[in-house]
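Single-structure report; data block below.
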Amino acid sequence: MSSINESPVITRFAPSPTGSLHLGNARTALFSHLWARKSGGKFILRIEDTDLTRSQDRFRDELISDMLWLGLEWDEGPDVGGPAGPYCQAQRGEFYRSLYQQLSARDLAYPCFCTAEQLELSRKLQRMAGKPPRYAGTCRGLTAAQRAEREARGLKPTLRFAVPGDQMIEFTDAVHGLQQFASNDIGDFIIRREDGTPAFFFCNAVDDSAMGVTQVLRGDDHLTNTPRQIMLLQALGMPIPAYGHVGLLTGEDGAPLSKRHGSTSVQEFRERGFLSIAVLNQLFRLGHAGDVDGWLAAAEMPRHFRPQHLGRAPARFEVSQLMHWQKVSLERLSQEDFRAWLAADDSPEFIDLVRHNVVLPEDAAAWRAVVQGELAPLGAEERRLIDAAGAGFFADATLAYEQSKGDLKVLTQFLKERTGRKGPDLFMPLRVALTGLAHGPELAQLLRLMPPETARRRLKIHA
RNA sequence: GCUCCCUUCGUCUAGAGGCCUAGGACACGGCCCUCUCAAGGCUGUAACACGGGUUCGAAUCCCGUAGGGAGCGCCA
């Protein structure tokens with residue numbers, strides 16, 4: 001399946017369990033997954049649960065369940081294990097400690113005793129002076145005695161990486177091409193927090209490397225952070241993966257997708273009844289151009305995925321496009337699967353009748369109510385059609401219904417002779433009276449499924 | 001403020017100097033089909049942010065401008 005000149009690519013998805021999986025993350029997960037599958041490589045799931053206060057088990061479970069729902073199975077991960085485990089960062093403390101030691105021993109990292117308040121003040125001052133708010137290097141030159149003295153006072157240090165000066169860091173981004181950054185623009189950054197937990201820049205980079213990831217795919221927001229991670233890996237003498245930064249996904253308001261957008265978590269689409277294959281088809285095309293235009297089955301996606309066609313510009317997520325893929329995906333469902341998707345006890349007749357007028361389960365519920373429940377209040381167009389037909393028409397229609405025994409053909413034949421109406425003038429008022437709507441599935445069958453009492457009442461009420 | 005990134009129809013995108021009178025998909029409009037809607041068929045509206053270069057020739061290369069975005073966090 002992999003093309004001749006492409007070697008196996010090892011990718012990963014590394015979410016932090018601090019919230020729901022939203023579409024943006026799901027998309028990078030999808031791309032990473034597809035890239036690995038396309039090349040015959042591996043896809044790794046790693047949980048970045050270093051923020052003890054914000055990480056929650058229920059988010060991790062939800063995340064895993066969302067990934068599985070989307071069909072993005074991983075070859076290595078917290079549940080299935082693998083050669084580079086464990087796959088939760090909270091359990092990798094020992095590994096991190098050995099690296100901290102290595103760095104500290106070679107003076108490539110140093111303890112910093114500055115307090116959060118001091119740092120904030122310093123940043124503020126720099127900003128006011130029109131300078132980039134970088135760490136001033138206050139603790140970099142501390143002597144062993146000074147460090148000991150501070151620790152004796154009970155101060156808990158963070159550990160900072162000593163960024164080498166006067167370097168150019170270059171890398172070829174898989175989507176942006178050649179990137180260059182000056183190390184002098186980068187301040188010494190924290191790699192271990194005061195409480196001893198590892199900071200993102202550090203554990204994220206070091207784990208990618210240690211887990212054998214060859215291609216990191218992530219959002220654009222990490223592009224300018226990449227040189228830090230490269231310097232870190234260089235200092236440690238660890239392999240440096242290739243990086244690729246895809247344009248962010250934005251909501252319909254054009255602002256980057258975030259937890260604020262609310263209705264963009266995978267969970268919510270799932271609950272509203274969207275098919276995972278519909279979501280997949282939509283995400284496949286956001287910031288990416290495959291080599292086909294039409295709907296794709298999940299199994300086809302790796303073949304049609306084109307890493308060279310990952311987008312640099314932000315992509316906007318529009319529900320109307322998801323709706324389209326939902327419709328197409330629904331059409332592909334067998335009656336059995338469709339029924340399972342509805343998760344209701346509908347008759348096969350009802351399902352066949354209503355299928356093509358349903359995009360979400362709530363639509364089916366509406367038709368269910370038309371057949372066996374109460375009608376929703378009439379809309380403006382519906383009202384107009386009823387009024388145009390007039391009370392006399394419905395008096396005749398009521399009569400016709402009694403003659404017809406529920407057979408629409410007989411009913412309309414009778415009504416046509418009696419009123420002289422035909423075509424839409426004849427059918428539309430009937431449809432609206434009977435269903436409450438100016439559009440919908442076959443009226444004849446709708447009528448057949450309807451209890452006679454209901455039909456009678458709905459016609460009579462307008463007479 | 002500094003560094004970096006981005007900019008083709010309303011939206012998602014194709015386009016890697018001539019194949020572009022800029023293609024496709026979604027959405028929208030029209031027509032056909034049809035008792036309605038959907039589906040299907042045909043069809044229409046609609047874009048290279050702007051300004052300068054380079055070139056016989058630029059959506060494609062270079063430089064500016066404008067507008068968006070990101071990073072500079074003991075958040076990831």
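So that the names make sense, note that chain A is the first sequence line, chain B the second, and so on, each numbered from 1. Computed from a predicted structure; not experimentally measured.
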Seminar exercise, completed: Answer for the Watson-Crick or wobble partner of G71(B), both distances under 3.5 Å, is C2(B)
Exercise. Does Glu442(A) make a side-chain donor-acceptor contact with the base of C35(B), cut-off 3.5 Å?
Worked result: yes
Exercise. Between Phe284(A) (CZ) and A25(B) (P), how many Å, whole number?
Worked result: 17 Å
For this session: Compute the ring centroids of His33(A) and Phe13(A), then answer whether they are less than 6.0 Å apart.
Result: no
Exercise. Within the pair His176(A) and C6(B), is there a side-chain N or O less than 4.0 Å away from OP1 or OP2?
Worked result: yes
Exercise. So do Pro17(A) and Ser55(A) actually touch side chain to side chain, heavy atoms under 4.5 Å?
Worked result: yes
Problem set entry | Lys131(A) NZ - C2(B) C1' separation (whole Å) | 11 Å
Exercise. Counting only side-chain N and O atoms of His324(A), is one of them less than 4.0 Å from OP1 or OP2 of U11(B)?
Worked result: no
Exercise. In whole Å, what separates the P atom of G51(B) from that of A58(B)?
Worked result: 14 Å
Exercise. Does a side-chain N or O from Thr50(A) land closer than 4.0 Å to OP1 or OP2 of A76(B), or not?
Worked result: yes
Shorter than 3.5 Å, N or O on both sides, protein versus nucleotides 60-65 of chain B: list them out with atom names.
none

Problem set entry | Salt-bridge contact Asp396(A)-Arg418(A) (side-chain N to carboxylate O under 4.0 Å) | yes
Exercise. Hey, is the side chain of Arg316(A) poking within less than 4.0 Å of OP1 or OP2 on G10(B), counting only N and O atoms?
Worked result: no
For this session: Can you spot which of Phe201(A), Phe189(A), Tyr110(A) makes a ring pair (Phe, Tyr, Trp, His ring centres under 6.0 Å) with Phe161(A)?
Result: Phe189(A)
Exercise. Is the closest side-chain heavy-atom distance between Asn281(A) and Val328(A) below 4.5 Å?
Worked result: no
For this session: Looking only at side-chain atoms of Arg123(A), point me to the closest of C72(B), C74(B), C75(B).
Result: C74(B)
For this session: Could you measure between the two C1' atoms, the one in C12(B) and the one in C28(B), and give it in whole Å?
Result: 16 Å
For this session: Write down the distance between CD (Gln229(A)) and P (C4(B)), rounded to a whole number of angstrom.
Result: 19 Å
